[in-house]
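Starting off with a structure, shown below.
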Amino acid sequence: MRYLAVVTAAAFLLLLEGNCLAQTRLNATEIEAKIEVLLGQMTLEEKLGQLHQLSGLANGSYNPDLLELARKGLLGSTLTVRGARMANELHNATLESRLKIPILMAFDVIHGYRTLFPIPLGETASWDLKAVERASSIAAAEAASAGIHWTFAPMLDVARDPRWGRVMEGSGEDVYLGSEMAKARVRGFQGSDYGQKDKILACAKHFVGYGAAEGGRDYNTVDMSERRLRETYLPPFKAAIDAGVDSFMTAFNELNGMPATANKFLLREILRGEWQFDGLVVSDWNSVEELINHGLAADKSEAARLSLNGGTDMEMNSATYRENGAKLVESGKVTIETINSAVRNVLRIKYRLGLFEQPPFVSEQHEKDTLLKPEFLQAAREIAGKSLVLLKNENETLPIDINKIKQLAVIGSLADDKPNTLDWWPGDARAADSITILQGLRDYVSAANLTSSVAVTFSKGCESVCDSDKDFAAAVIAAGAADFVVVVVGEIRSVSGEAASLSSIDLSGRQLDLVKEIAQTGKPYVVVLKNGRPLTINWLAENAPAILVAWHAGTMVGLRWRMFSSEPSTPVETPHEFPTEPRTNSPQLRLQKHRTTI
Ligand SMILES: *[C@@H]1O[C@H](CO)[C@@H](O)[C@H](O)[C@H]1NC(C)=O
Ligand SMILES: *[C@@H]1O[C@H](CO)[C@@H](O)[C@H](O)[C@H]1NC(C)=O
Ligand SMILES: *[C@@H]1O[C@H](CO)[C@@H](O)[C@H](O)[C@H]1NC(C)=O
Ligand SMILES: *[C@@H]1O[C@H](CO)[C@@H](O)[C@H](O)[C@H]1NC(C)=O
Ligand SMILES: *[C@@H]1O[C@H](CO)[C@@H](O)[C@H](O)[C@H]1NC(C)=O
């Protein structure tokens, strides 16, 4: 049996190399029939295994216990395990299991896998749906080559409090723009069929209301009217469904007293009932077990009961389903039909992904050829450029006329900080691949064929966490000697993102003092903001001649500045036409009693 499996695996890898993989897709009726046959063969333990998602190590390796579970056929899904070799080894282990049900491999591919694009909030600032779709489709191609089937994106949480660290991960405050971006990202990740080799399953998250956490404090209580829910928070999710998204993740928060992970009103009434969703619902990390922290469940068994009955199919990380599922079924607290229905949702996705058609091995060579393709880097460069926002440009400070300056001073550690070219959700991106702002400016100037040379000097002013003014003097000297100054300030990668809420969104540390010192030199300057969230920049808005928001913009942040008048302009594409007719897609206000019964 094992010999056969190995031979099959080898033959399959050969096929992949030859790139002549013809997939015959099952239709919906055939899929449902196959699910029933498989379900009929599964033990309860195997069913509960399908409902469990476990994490690999941060570097993408699996740990030995995952391999053991895969061999026993008890591992439904992984997250974070990635790379063709790791993925193949785990799939190989499932071939030793009784029913050989393939593992569904997920990863947080938020705005790029290896080629990192601007954070979603930055991409959204481009208003360019085609560009955003393309970024997601490149992320999908890279991730799929590394064995990933499923990403936990797009994040569709409308967010109106920039103190909340996760504003970086979504499309900001606007319902309509957020809904359009939702569709663009789903189309990019999934294409018309996410079973294609270069596509992955998208996940609409976090369902729902997470962006409305009180005070912008992550995981905090959410309390809103049903009208607010339906008019502001649900539409991006409905838009994602209309674009074909086939998985949902529950939010960490409670909504009006009922945690989303156990919320029948959201999961059973709206998602499955009103929207007729037949895909997969996964919890967020530990959010099943956290029903205890919410005060809803007394223990892990109750947490499992409440979220299984609530409508959460798959449990991410915590193990309450696996540990308590059998007893809950025995005692009648959860019916076998509830378990079966959750398992069906998992298997349906696996069939739609085409994972059963052959063992889902991926080619290491194809992975190597796919990651960081020149055309992907070029796209990242273009999209980083489209995401820039010129907030202020008094007296036409920009663009810089490179022929009129002899010395350009770049000030601020963030201009030359490779690790901080990444952000909270860098996928599998490596800092070493990034072009920093300083590097980008130097490359530009040296490639510009100038009649006389321009010197680019750099002075950090302070560290990226700017907590001391001891190096200000050197920065002031560098600025004083230059004809033009680029001051780069903003946020390090860890202060915007999950569990990174702030009470103050001013420039942190001594950064504003640094800008003021540079302003004192009287030299023309631009403030470039590298940020993950909107910042309060009143002094800059009033005093700086030019402000350019560059966001945490990924691998190619340094290569798209449009700061120079001599820079060849990129062809202007036809901008996306946003419909001007009255919106017809706003959901009807249907006041229903919010059910908090369990
Ligand atoms: C699905 O395929 C089967 C053949 O395997 C065919 O008989 C059936 O009509 C198809 N159903 C649909 C809905 O296309
Ligand atoms: C990943 O990390 C683990 C534990 O730190 C280590 O044992 C393993 O060698 C690493 N794998 C790779 C591919 O670097
Ligand atoms: C699969 O497992 C077999 C035997 O355990 C091993 O010889 C083979 O190298 C493995 N293949 C992969 C792709 O891991
Ligand atoms: C600079 O000159 C080289 C050689 O003449 C040319 O290939 C290149 O395109 C020029 N670069 C720019 C930015 O004009
Ligand atoms: C812009 O030019 C006007 C008129 O010369 C001047 O008063 C003003 O200070 C300039 N603004 C900045 C930010 O340099």
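Owing to the predicted nature of the structure, the values given are computational and were not obtained by experimental measurement. Both ligands and their constituent atoms are indexed starting at 1 by order of listing.
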Let me see the working for Asp513 and Arg510 under salt bridge (Lys or Arg N to Asp or Glu O under 4.0 Å), right down to the final yes or no.
-> CA-CA 5 Å; Asp513 294 334; Arg510 306 293 308 274; 2.7 Å; yes
Kindly confirm or rule out an N or O of Asn59 lying under 3.5 angstrom from an N or O of ligand 2.
-> yes
Would Asn88 and Arg85 count as having a side-chain donor-acceptor pair, cut-off 3.5 Å?
-> no
Looking only at protein heavy atoms, which one is nearest to atom 4 (C) of ligand 1, and how far off is it?
-> Glu30 OE2, 3.5 Å
Please identify which atoms of ligand 2 are closer than 4.0 Å to at least one heavy atom of Ser61.
-> 1 (C), 10 (C), 11 (N), 12 (C), 13 (C)
Non-hydrogen atoms of Trp150 and Ser247 that approach each other most closely | NE1-OG, 2.8 Å
Considering distance alone, does some N or O of Glu394 sit under 3.5 Å from an N or O of ligand 5?
-> yes
Atom 2 (O) of ligand 1 - nearest protein heavy atom and its distance | Asn27 ND2, 2.3 Å
Modelled atom types, side-chain donor and acceptor of Thr397 and Glu394, under 3.5 Å = no
Side-chain ion pair, Lys34 and Glu30, N-O less than 4.0 Å = no
For Thr29, the ligand 1 atoms whose distance to one of its heavy atoms is below 4.0 Å | 11 (N), 13 (C)
Kindly compute the distance separating CG (Leu280) from CE (Met249), expressed to the nearest 0.5 Å.
-> 10.0 Å
Determine if the distance from atom 9 (O) of ligand 5 to the closest protein heavy atom is below 4.0 Å.
-> no
Could you find the nearest protein heavy atom to atom 1 (C) of ligand 5 and give me its residue, atom name and distance?
-> Asn395 ND2, 1.4 Å
